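On a predicted model such as this, the values are computed, not experimentally measured, just so you know.
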Amino acid sequence: MPTPPPQTTTCPHRALPYIALVMALVALAANALGAQSASWLDPYREPAARLLAESQSSPFAWERLALLGDTFGHRLSGSEGLANAITWAAAEMKKDGLDNVRTESVKVPHWVRGQESAEITLPHRSPLAMLGLGNSVGTPPDGVEADVLVVRTFAELDAAGAAARGKIVLFNVPFTNYGETVQYRAAGPSRAAALGAVAMLIRAVGPPGLRTPHTGSLRYAEGTPQIPAAAISVEDAERLQRMQNRGTKVRVRLKMEAKFLPDADSANVIGEIRGRERPDEVVVVGGHFDSWDVGTGSTDDGGGCVVTWEALRLMKKLDLRPRRTVRAVLFTNEENGLAGGRAYLERYRSQLVNHVLMLESDSGVFRPTGFGFTGTTTARETLQQIAGLLRGIQADRIGPAGGGADIGPSVEAGQLPAMSLEVEGDYFLIHHTQADTVDKIDPADMAKASAAIAVMAYVVADMPARLK
């Protein structure tokens with residue numbers, strides 16, 4: 001493993017005047033917290049104020065995220081970058097003084113991108129900005145060259161019928177929201193292959209972003225030919241659409257070396273603040289440590305890992321040990337397999353009855369607005385009261401639904417309360433792109449996100465009665 005450089009990264013903007021800021025934050029937090037009415041929260045106002053102040057006294061979380069991305073780069077499952085980052089994270093958790101630091105082995109798929117390109121060959125040669133989709137098969141060495149058929153919906157594709165045979169089908173689907181639009185990336189290759197298409201292209205699943213294609217996983221349907229698939233930029237998809245609308249015959253050559261290697265060794269990274277009275281009852285916080293092989297995975301999801309890990313570091317530094325255990329989990333292989341989340345379920349299935357709450361941060365670490373929550377009405381009322389402790393940083397909203405891909409298997413199996421950090425920012429603009437780098441993240445926002453998670457996790461873990 002390469003030796004990481006010392007943590008001397010300088011924030012590019014918003015340097016924090018630490019001493020003055022701490023004094024102001026303590027006063028502000030005390031005033032804001034004192035205004036709340038739930039008397040059972042009174043013992044938590046001072047610890048919450050300390051967590052808020054300590055988190056925002058320095059850019060420590062941002063610096064750690066910058067170190068992660070600058071040192072190891074992307075962290076696709078099976079890559080050397082992910083393996084070395086896992087070793088580093090476990091060592092850093094031990095330096096932080098966390099309890100029971102360990103790595104728990106997971107076998108993960110090992111897909112590699114290789115060299116790739118796409119270009120218009122007719123009517124005139126012109127390169128396209130592209131990224132192969134994760135888990136795609138490759139093309140023959142000379143590539144696949146065919147006429148392009150542009151459609152905007154599955155219904156348009158089905159209506160084209162036999163016209164898709166022998167073509168490269170492009171889904172030029174405008175981005176509405178991720179849930180609606182991502183279905184074309186996931187299922188598009190098999191839908192096109194079923195009609196005889198030889199390859200699939202998809203308009204980037206995200207808002208227009210200065211000609212940046214977005215990668216992401218596809219899902220081949222059983223019994224359907226597996227064809228190569230790639231994303232192209234919004235601008236290029238619209239160009240091909242205009243050309244088709246004019247009646248211009250457009251031909252594209254796609255080359256992709258993508259392939260799967262044998263499954264690789266990986267691991268979930270775990271560190272804890274062990275509970276002082278009920279250590280077997282656990283509050284889990286975390287994110288996924290792997291990323292796509294573009295950018296540095298700082299927003300998706302290095303930042304989510306760091307802010308949940310930071311919650312425990314803050315508790316340790318301030319000597320706050322709750323009644324129950326708080327466990328940080330850096331899950332592996334969310335992006336193209338979910339092996340880390342499934343492995344956690346299998347390892348801890350018999351202990352889920354003692355999991356009090358699971359919280360995931362995987363929507364970026366922009367300005368925090370609160371948390372999504374899925375659980376009972378009683379639990380929601382309790383969490384809404386706790387969230388009042390975060391009113392000073394405007395992170396006190398409890399939204400209608402919470403959860404995450406990594407905690408999902410355990411949450412479903414154990415019927416557990418689930419939360420997710422909610423933020424306000426341009427997550428899908430840089431999601432799965434080369435632009436996912438640490439400079440897109442504000443250190444002050446990241447500090448607030450760490451504080452919000454720390455306060456929520458600490459109070460839930462320390463309440464006299466378990467969250468119901």
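Side-chain N or O atoms of Thr437 include none that pairs as donor or acceptor with a backbone N or O of Gly295 at under 3.5 Å. Side-chain N or O atoms of Trp111 include none that pairs as donor or acceptor with a backbone N or O of Ala258 at under 3.5 Å. Not one N or O on the side chain of Ser55 forms a donor-acceptor pair closer than 3.5 Å with the backbone of Lys448. Judged by distance alone, with hydrogens and angles left aside, the side-chain atoms of Glu412 form no donor-acceptor pair with the main-chain N or O of Pro409 at under 3.5 Å. Judged by distance alone, the side chain of Glu235 and the main-chain N or O of Arg211 form a donor-acceptor pair under 3.5 Å. No donor-acceptor distance shorter than 3.5 angstrom exists from the side chain of Asn336 to the backbone of Ser217, with no hydrogens or angles considered. Looking only at distances, no side-chain donor or acceptor of Glu424 sits under 3.5 Å from a matching main-chain atom of Thr369. In this structure, Asp290 contributes its side chain and Glu335 its backbone to a donor-acceptor pair below 3.5 Å. Side-chain atoms of Ser291 come within 3.5 Å of backbone N or O of Arg75 as a donor-acceptor pair. Judged purely by atom type and a 3.5 angstrom limit, Thr215 uses its side chain to pair as donor or acceptor with the backbone of Gly132.
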- prompt: Please walk me through it: do Thr153 and Tyr184 pass side chain to side chain contact (heavy atoms under 4.5 Å, CB included)?
  reply: CA-CA 8 Å; Thr153 64; Tyr184 289 91; 3.8 Å; yes
field: Trace of the side chain to side chain contact (heavy atoms under 4.5 Å, CB included) decision for Arg321 with Asp99
entry: CA-CA 11 Å; Arg321 185 174 293 275; Asp99 304 321; 3.0 Å; yes
Residue pair Lys107, Asp265: steps toward the salt bridge (Lys or Arg N to Asp or Glu O under 4.0 Å) verdict: CA-CA 5 Å; Lys107 280 286 188 182; Asp265 294 322; 2.8 Å; yes
query: Passes side chain to side chain donor-acceptor pair (under 3.5 Å), Thr224 versus Ser190? Steps please.
result: CA-CA 6 Å; Thr224 303; Ser190 291; 5.0 Å; no
task: Apply side chain to side chain donor-acceptor pair (under 3.5 Å) to the pair Glu92 and Trp309, showing each step before the final yes or no.
output: CA-CA 10 Å; Glu92 289 293 295; Trp309 169 5; over 6 Å; no
message: Run Gln394 and Arg367 through side chain to side chain contact (heavy atoms under 4.5 Å, CB included) and show every step you take.
response: CA-CA 9 Å; Gln394 298 180 310; Arg367 187 184 73 79; 4.0 Å; yes
message: Let's go through Ser410 and Met358 carefully: what are the C-alpha distance in whole Å and the side-chain angles of both, what is the deciding distance for side chain to side chain contact (heavy atoms under 4.5 Å, CB included) to 0.1 Å, and is it a yes or a no?
response: CA-CA 9 Å; Ser410 296; Met358 298 189 79; 3.7 Å; yes
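Annotation: Arg219, atom CZ; neighbour count of heavy atoms from other residues, nucleotides and ligands within 6.0 Å does not exceed 12. The environment of CD in Glu277 is crowded: more than 12 heavy-atom neighbours from other residues, nucleotides or ligands sit within 6.0 Å. By the neighbour-count criterion of 12 heavy atoms within 6.0 Å, atom CG of Asp319 is sparsely surrounded, having that number or fewer from other residues, nucleotides or ligands.
A heavy-atom distance below 4.5 Å is not found between the side chains of Arg113 and Glu257. With contacts defined as side-chain heavy-atom distances shorter than 4.5 Å, the pair Ile386/Met463 qualifies. Put simply, the side chain of Tyr220 reaches to within 4.5 Å of the side chain of Val137, judged on heavy atoms. In this structure, the side chains of Ser79 and Asp293 stay at 4.5 Å or more apart for every pair of heavy atoms. Under the 4.5 Å side-chain criterion, counting only non-hydrogen atoms from C-beta, Met446 is in contact with Leu65. Thr433 places none of its side-chain heavy atoms less than 4.5 Å from the side chain of Leu131. Considering only heavy atoms from C-beta on, Leu345 comes within 4.5 Å of Leu352 through its side chain.
A salt bridge is defined here as a Lys NZ or Arg NE, NH1 or NH2 lying under 4.0 Å from an Asp or Glu carboxylate O, and Glu346 with Arg342 fails to meet this definition.
Nearest heavy-atom pair across Pro213 and Ala204 is CA-CB, 4.0 Å. Summarising the geometry of Met256 relative to Pro228, their closest heavy-atom pair is SD-CB, 4.1 Å, with the distance given to 0.1 Å. Between Asn100 and Glu272, the closest heavy-atom pair is ND2-OE1, 2.7 Å. Pro368 and Ala395 get closest at one heavy-atom pair: O-CB, 3.8 Å. Closest of all the heavy-atom pairs between Val234 and Pro208 is CG2-CA, 4.1 Å.
Taking CD of Gln384 as the start and CG of Asp396 as the end, the distance is 7.0 Å to the nearest 0.5 Å. In this structure, Glu63 CD and Asp70 CG are separated by 9.5 Å, a value rounded to the nearest 0.5 Å. From Ile393, atom CD1 reaches atom CD of Gln56 across 6.0 Å, with rounding to the nearest 0.5 Å. Taken from OG1 in Thr332 to CD1 in Ile86, the straight-line distance is 4.5 Å, to the nearest 0.5 Å. Here the CZ-CG distance, from Phe366 to Leu421, works out to 11.5 Å after rounding to the nearest 0.5 Å. Taking CZ from Arg324 and CZ from Arg466, the interatomic distance works out to 7.5 Å, rounded to the nearest 0.5 Å.
Judged by distance alone, the side chains of Asn268 and Tyr344 never bring a donor and an acceptor atom under 3.5 Å apart.
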Table please: side-chain donor-acceptor pairs of residues 296-305 below 3.5 Å, with sequence neighbours left out.
residue	atom	partner	partner atom	Å
Thr296	OG1	Ser298	OG	2.8
Thr296	OG1	Asp436	O	3.4
Ser298	OG	Val438	N	3.3
Asp300	OD1	His288	NE2	3.0
Asp300	OD1	Tyr427	OH	3.4
Asp300	OD2	His432	NE2	3.1
Asp301	OD1	Gly304	N	3.2
Asp301	OD2	His288	N	3.0

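When each of Lys316, Arg64, Lys317 is tested with Asp96 by the rule side chain to side chain donor-acceptor pair (under 3.5 Å), just one qualifies, namely Arg64.
Aromatic ring pairs are classed by plane angle as parallel below 30°, tilted from 30° to 60° and perpendicular above 60°; the pair Trp88 and Phe289 is parallel.
With Tyr348 as the aromatic partner, Arg327 meets the cation-pi criteria of under 6.0 angstrom to the ring centre and within 45 degrees of the ring axis.
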